[in-house]
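Following: one structure in structure tokens, then a few remarks.
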Amino acid sequence: MIKLAKRLDVVEEYYFSSKLREVRQLASEGNSIINMGIGSPDMNPSKAVIEAIQTAVTDENAHQYQSYQGLPELRQAMSDFYKNNYNTTVNPATEILPLMGSKEGIMHISLAFLNEGDHVLIPNPGYPTYTSVTNLVGAVPVYYDLKASTNWEPDFDALEKLDLSKVKIMWIGYPHMPTGARGSLALFEKLVAFAKKYQILLINDNPYSFVLNDKPMSLLQVEGAKEVALELNSLSKTFNMAGWRVGMVLGNAVAIDAVLKVKSNMDSGMFYGVQKGAIAALNCGKSWFDEQNAVYKKRRVLTEQLAEKLNCEVYKEGVGLFVWAKLPAGVASAEAFIDAILYDKHIFITPGTIFGSNGEGYIRFSLCVTEDKVQEAIDRFN
């Protein structure tokens, strides 16, 4: 046998990749599974997006390699989107790089800035990919706590007490995944000041700011943020385009150029038709967000009822695609709790533990489930 790379010793298969095999096995045995675990939007993109890609496939040169930096009109659409929705100016020529989903941006940024042994500040709880990518590139995860007592925001006194001498990157993500904590501009200002003080590259992962959130924010709204910061964003959640794989990284021009050096060695450009569809999505007006959120609001009301049926305490202030809930007192294991429900009621819910040790005692419900299915889930406990 050819030996595997040592880097695989420090990562495991992504939780949902392995767990969904288990869920599919139950379904293949004839069980009707209600999947409330994955944040994959079940609604369609707008008609304009579908029409844009249909038209684009007949354009001249549509099927050739595309620019590593994306179409100029796509970068302009991204810039306009930030101006119109966040009141933030981003130069489309130097401060924006389209990505094949923002998830790849986590890897590209890490490859561009991290050497073996560098330290990375990672939220606990937080998106598991921050840790896995940090490990894959040979850097060292350093976790900082997010807790209910601080409304899932960093404790800056605790941060200041850490050994920050080797820290190169700090990951944040507001609105926060998995809890749905909104964050605030005041928090962003403190984070930017912290990053400047310790010369850390600050990166906000921002795919949820338009879902059930009446105050969308960008880290780049903070004056001087571009000196030390990047922001990842995505069309996956906002425009129901998860499978299209369209994201973006925005901010510091020197950092963007460094990320491009990595990306240009990893792919050969995004399909032309997908870029045209993305432009159409970014040009959707406020009515698009209103229509989507009207659906998600109804789903959230029902999902909170389901959580309360399980005697869980819902984090009511949360926004985004998920409902975060505290397990009943005395429940020892989030994973055992969700497995019992999976095998008894055939409902899949995500355990908070996959997001870090501070997720123990919590579970997460996805809103990417129809009202009828959420009601059916409730009825299964009657």
Side-chain angles (χ1 to χ4, degrees), residues 1-29 35 37-40 63-70 97-143 166-171 177 201 203 205 230 232 234 236 242-247 249 255 257-271 274 335 338-339 342 348 350-351 353-357 359:
M1 278 290 292
I2 298 174
K3 292 183 179 180
L4 298 176
K6 290 183 179 179
R7 69 177 60 88
L8 291 187
D9 294 339
V10 297
V11 295
E12 297 179 355
E13 183 181 6
Y14 191 50
Y15 173 82
F16 288 117
S17 175
S18 58
K19 193 66 177 181
L20 287 179
R21 282 200 301 273
E22 189 178 336
V23 172
R24 285 193 295 270
Q25 178 60 37
L26 286 171
S28 72
E29 295 168 0
N35 187 343
I38 302 292
S40 178
H63 305 286
Q64 298 180 356
Y65 289 129
Q66 299 298 314
S67 166
Y68 298 109
Q69 294 173 282
L97 180 62
L99 301 169
M100 293 181 189
S102 60
K103 190 173 184 179
E104 77 156 8
I106 298 171
M107 175 60 84
H108 292 343
I109 292 166
S110 298
L111 285 170
F113 289 96
L114 296 175
N115 295 313
E116 187 172 350
D118 286 340
H119 289 191
V120 179
L121 289 173
I122 296 174
N124 176 15
Y127 187 31
T129 299
Y130 306 144
T131 294
S132 58
V133 168
T134 297
N135 286 328
L136 280 170
V137 301
V140 180
V142 177
Y143 298 102
K166 295 182 180 180
V167 173
K168 289 262 285 286
I169 284 176
M170 179 178 186
W171 292 102
M177 200 290 294
L201 178 63
I203 307 148
D205 196 2
L230 293 173
L232 290 169
S234 169
S236 295
W244 290 57
R245 310 312 305 136
V246 183
V249 57
D257 189 57
V259 176
L260 176 60
K261 287 181 181 179
V262 173
K263 178 176 169 56
S264 62
N265 284 286
M266 303 289 279
D267 66 63
S268 296
M270 188 186 300
F271 176 54
V274 167
E335 294 192 21
I338 69 103
D339 277 345
L342 175 60
F348 175 44
T350 302
T353 45
I354 74 166
F355 306 108
S357 60

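In this text, all values refer to a predicted model and were calculated from it rather than measured experimentally.
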Looking only at heavy atoms, what is the nearest atom pair of [X] and [Y], with distance?
X      : Y      : result
Arg245 : Ser236 : NH1-OG, 3.3 Å
Leu342 : Glu22  : CD2-OE2, 4.2 Å
Ala258 : Ala112 : O-CB, 3.8 Å
Pro128 : Phe355 : CD-CD2, 3.9 Å
Gly117 : His119 : O-CD2, 3.3 Å
Leu114 : Ala139 : CD1-CB, 4.0 Å

Would Glu104 and Asp267 satisfy side-chain contact (heavy atoms from CB on, under 4.5 Å), going step by step from the backbone distance to the final call? CA-CA 11 Å; Glu104 77 156 8; Asp267 66 63; 4.2 Å; yes

side-chain contact (heavy atoms from CB on, under 4.5 Å) evaluation trace for Ile109 with Leu232: CA-CA 10 Å; Ile109 292 166; Leu232 290 169; 4.2 Å; yes

Is [Y] close to [X] at the side-chain level, that is, under 4.5 Å between some pair of heavy atoms?
X      : Y      : value
Tyr130 : Ile169 : no
Met100 : Val274 : no
Lys103 : Tyr127 : yes
Asp118 : Phe113 : no
Val246 : Pro98  : no
Trp171 : Thr129 : no
Ile338 : Thr350 : no
Lys166 : Val140 : no

Euclidean distance, [Y] [atom2] relative to [X] [atom1], rounded to 0.5 Å:
X      : Y      : atom1 : atom2 : value
Leu97  : Leu260 : CG    : CG    : 5.5 Å
Leu201 : Met170 : CG    : CE    : 11.5 Å
Asn135 : Arg7   : CG    : CZ    : 12.0 Å
Ile106 : Asp205 : CD1   : CG    : 5.0 Å
Ser110 : Ile203 : OG    : CD1   : 7.0 Å
Met107 : Ser132 : CE    : OG    : 7.5 Å

Run Gln25 and Glu29 through side-chain contact (heavy atoms from CB on, under 4.5 Å) and show every step you take. CA-CA 6 Å; Gln25 178 60 37; Glu29 295 168 0; 3.0 Å; yes

ring-ring contact (aromatic ring centres under 6.0 Å, His included) filter on Phe271, not counting sequence neighbours, yields His63

